[in-house]
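These notes are about the structure you will find just below.
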Amino acid sequence: MRIKTIVLSSIMSLFLSGCMDIEPTVLNEINIATAVSYDYIDKDHFTSTAVIPYYMPDKKVNNVTFTATASLSKDVRQKMNQQTDKPIYSGKIEVILYSKELAKHDLTRMTDTLIRDPSVGNTVYLAIVDGKAEDVLIKQLGNVDKGTYLSNAIEHNIQSGILPKTNLHLFSYAQNAEGMDPFLPIIKPKNGNPLITGVALFNQGEFVYQTKEHENVIFKMLVEQSSNKEGFSAKLGEKLFASVYNIASKVSYNIPEPMTNSPIIINLNIEAVLREFTGDKVDKKEIRKIEKKMENVLKKRAEKLIVKLQKLDVDPLGVGEQVRTRTRSWDKKEWEKLYPNIPFQVNVKLNILESGAVE
Amino acid sequence: MINKNEQISPFLVFFLVLKVQIGVGVLGFQRLIIKSAGNDAWIAVIAAGLLFSIVIWCMFTLLNSQKQDLMGIHTQLFGKVLGGFLNMIWITYWLLMGIAVYRAYVEVVQAWMFPQINVMTFSIVFALLIYYTVSGGFQVLTGICFLGVIIPSYLILTIFFPLEYTEFRNLLPVWNHSYKEIALATRDMSLSYMGFSTLLMFYPLIKHQKKANKWAQLANILSILSYLLLTIVSIGFYSENQISRYVWATLSFWSIVEVPFIERFEYIGIATWVIFILPNICLFIWAATKGTSVLFKVEPNRISILFLVILIVMSLALKDRETVNTFQDYMSYVGFILYTVYIPILLCLSYIMSKIRKKTHEN
């Protein structure tokens with residue numbers, strides 16, 4: 001009797017699991033999009049381009065793009081599906097690009113669908129394209145699919161280049177945080193090659209500013225505890241240049257009186273290795289001199305950048321969060337009034353650990 | 001009398017309690033408590049945990065003094081009619097709890113993996129599994145609970161992945177919310193700790209009953225610690241407005257997990273979660289079945305089939321997120337009253353009654 005029940009129920013489960021209406025998604029019966037771009041047309045419409053890699057028998061990867069225009073991003077997918085041989089799936093999207101024009105008109109409505117859709121991962125990279133977003137996707141680069149190429153490009157620039165940590169989760173974190181504004185990497189298509197030029201700053205969901213080249217390194221150092229293989233250089237005097245690399249920096253805040261007009265002190269501790277120096281011999285004394293001079297240059301750059309951010313009324317550094325976590329019953333509105341006028345003081349401490357293989 | 005062979009060692013109570021305390025609620029309890037207590041939500045987690053530690057103590061004091069299960073206590077204290085009515089309330093509560101847990105899981109599957117899944121066939125397959133466990137007796141059930149703790153325990157390792165993006169400054173300033181807000185969060189948190197009321201039914205099946213309290217308390221402490229860990233990481237990982245948008249904050253942790261051989265970890269996590277919630281549902285159905293079969297003197301297997309049919313029908317009837325949510329809200333409200341008001345009152349009554357009986361005996 002008992003065995004009969006067990007056998008019966010296992011057979012039943014076996015057959016029943018067949019009728020669960022689970023949509024099969026066999027790998028070679030679907031199209032997997034790896035990168036998507038969005039371009040602005042008018043207030044309600046945008047063009048979207050998706051890249052789908054086709055793996056050829058001779059181990060080549062062909063990137064095929066499909067373009068469609070609509071007003072909602074899931075509608076776009078329907079329109080793309082009308083052009084493709086197999087249905088498009090978004091489970092493996094690695095990079096999503098928005099044109100600068102579109103970003104100026106609030107990205108919130110674009111990112112909402114990404115957060116809502118559980119098939120899109122939280123580690124997807126978002127990026128802004130300076131120009132037409134589509135252009136970045138169209139050219140075939142190397143023998144890899146475009147999405148992986150772009151995500152690798154962003155990833156190595158986060159690990160050792162000019163970009164601070166960024167992805168969909170961090171964007172949404174900053175967008176929702178009370179004392180913080182988001183930022184995204186910005187890419188410029190240069191003859192079809194993507195070139196990461198800096199960081200795009202947002203006020204909530206709206207693009208407001210694009211960092212200049214000389215601001216990138218200091219921006220990263222102010223945003224997070226960073227390590228940077230590339231370095232920065234500074235002019236120390238007439239025909240005297242120095243540059244350091246292998247930077248490990250640490251940023252900390254000192255806010256003696258939060259929520260008042262008293263200055264906020266930002267301490268920046270940097271350890272680096274001397275890479276290039278146009279002066280004479282480098283000895284201990286000389287290194288101290290270089291350190292002092294570079295500290296001054298960095299301090300000026302940092303303070304200038306912060307003043308610029310205050311003028312733009314954006315807070316990508318999360319100063320507001322620093323103040324919030326130091327204040328009881330924090331008032332967002334009051335802080336927003338305070339922020340543009342608070343004086344900042346940046347203390348830079350540069351420590352040159354080595355001067356390379358020569359003295 | 002209960003056969004000695006059917007009894008379980010007291011340390012297994014640890015798994016039985018731990019299992020029902022960490023159930024489907026783990027996937028998304030953060031949103032509720034952070035909504036009212038913000039960065040102080042972790043205080044509510046500890047407060048609710050300690051509250052339930054007291055409730056567990058109450059239960060054991062009650063059971064140790066009466067030496068029988070809840071059904072027996074009810075009939076002894078209130079007589080057949082009123083006691084039977086109270087028994088019905090608890091039986092309904094357990095049955096509905098089983099349905100609530102099951103439906104919550106189906107919702108996760110629908111939202112994250114297979115939106116078009118046929119709930120009917122899924123429920124029938126699942127019901128077969130429940131029937132197998134429940135009809136196998138309490139020892140099989142305990143075994144499933146044991147496995148339900150051991151097998152998915154590797155999931156705790158995934159907590160390391162979000163740490164990369166965690167800003168622990170968010171915990172500051174400590175105690176930034178009013179007592180009222182924290183009390184509200186404590187109440188919301190208590191839903192996650194509930195479920196061990198099945199203890200009231202399986203108490204006679206424990207071998208050395210006096211020793212079991214220690215294990216139940218230990219299990220409670222471990223669930224406090226797990227919830228605490230999850231809450232602290234969630235507070236750091238999400239900004240406050242952000243988490244209020246995530247229905248399943250723990251699942252969204254998993255979408256940050258990236259391992260070379262698995263692109264999306266949620267799917268594995270959700271699949272493992274079956275083993276996580278199966279013992280919970282089985283325990284609730286078992287308690288309801290046992291209660292009913294004692295009350296109406298019917299064969300338990302027939303009752304459990306009836307209950308499983310109700311489970312399938314109810315889970316089909318609860319269609320959209322809103323009805324599921326209201327249903328769960330009601331359940332947590334009723335549960336909160338049953339645990340924190342009803343049990344202590346019952347304890348007092350039983351104490352007074354035993355005093356009176358002693359006196360009349362002496363006279």
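First the proteins, then the strands, lettered A, B, ... as listed; each starts at 1.
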- Task: Go through B:Leu251, B:Ile243, B:Ile117 and name the one with the most non-hydrogen pairs under 4.5 angstrom from chain A.
- Result: B:Ile117

- Task: Return the option, out of A:Ala174, A:Ala177, A:Gly91, with the maximum number of heavy-atom pairs under 4.5 Å with chain B.
- Result: A:Ala177

- Task: Can you tell which part of B:Phe122 gets under 4.5 Å to a heavy atom of chain A, answering side chain, backbone, both or neither?
- Result: both

- Item | chain A contact via B:Val174 - which portion, at a heavy-atom distance below 4.5 Å | backbone

- Quick one: OG on A:Ser172 to OH on B:Tyr246, what's the gap to the nearest 0.5 Å? 4.5 Å

- Query: Got a second to check how far A:Asn122's CG is from B:Phe237's CZ, nearest 0.5 Å?
  - Reply: 6.0 Å

- Task: To the nearest 0.5 angstrom, please state how far the CZ atom of B:Arg245 sits from the CG atom of A:Asp112.
- Result: 5.0 Å

- Message: If you define the side chain from C-beta out and look only at heavy atoms, does anything of B:Tyr165 sit under 4.5 Å from A:Asn167?
- Response: yes

- Name the region of A:Leu170, side chain, backbone, both or neither, that has any atom closer than 4.5 Å to a heavy atom of chain B. side chain

- Considering residues, nucleotides and ligands other than B:Tyr132, do more than 12 of their heavy atoms fall under 6.0 Å from its OH? no

- If only atom types and distance count, is the side chain of B:Ser239 paired as donor or acceptor with the main-chain N or O of A:Tyr173 below 3.5 Å? yes

- Sub-4.5 Å side-chain heavy-atom contact between A:His169 and B:Gln242: yes

- Find the one option among B:Tyr131, B:Trp112, B:Trp175 whose heavy-atom pairs under 4.5 Å with chain A are most numerous. B:Trp112

- Message: Rounded to the nearest 0.5 Å, what separates atom CD in A:Glu178 from atom CG in B:Asn241?
- Response: 5.5 Å

- Item | Contact summary for B:Tyr267 and A:Ser119, nearest pair of heavy atoms | OH-CA, 4.3 Å

- CD/B:Glu322: more than 12 non-hydrogen atoms of other groups inside 6.0 Å: no

- Bottom line for A:Arg324: the part with an atom under 4.5 Å from chain B's heavy atoms is both

- For B:Phe126, is it the side chain, the backbone, both, or neither that has a heavy atom closer than 4.5 Å to a heavy atom of chain A? neither

- Item | Flag if over 12 foreign heavy atoms under 6.0 Å of CZ, A:Arg328 | yes

- Judged by modelled atom types alone, do B:Tyr238 and A:Asn176 share a side-chain donor-acceptor pair under 3.5 Å? no

- Item | Options B:Gln116, B:Met113, B:Arg169, ranked by heavy-atom pairs under 4.5 Å with chain A, top entry | B:Arg169

- Message: Can you tell me which portion of B:Leu128 sits under 4.5 Å from chain A's heavy atoms? Options are side chain, backbone, both or neither.
- Response: side chain

- Message: Between B:Glu164 and chain A, with a heavy-atom cut-off of 4.5 Å, which part of the residue counts as in contact: side chain, backbone, both or neither?
- Response: both

- Query: Heavy-atom distance under 4.5 Å to chain A: side chain of B:Ser252, backbone, both or neither?
  - Reply: both

- chain A contact via B:Asn170 - which portion, at a heavy-atom distance below 4.5 Å: both

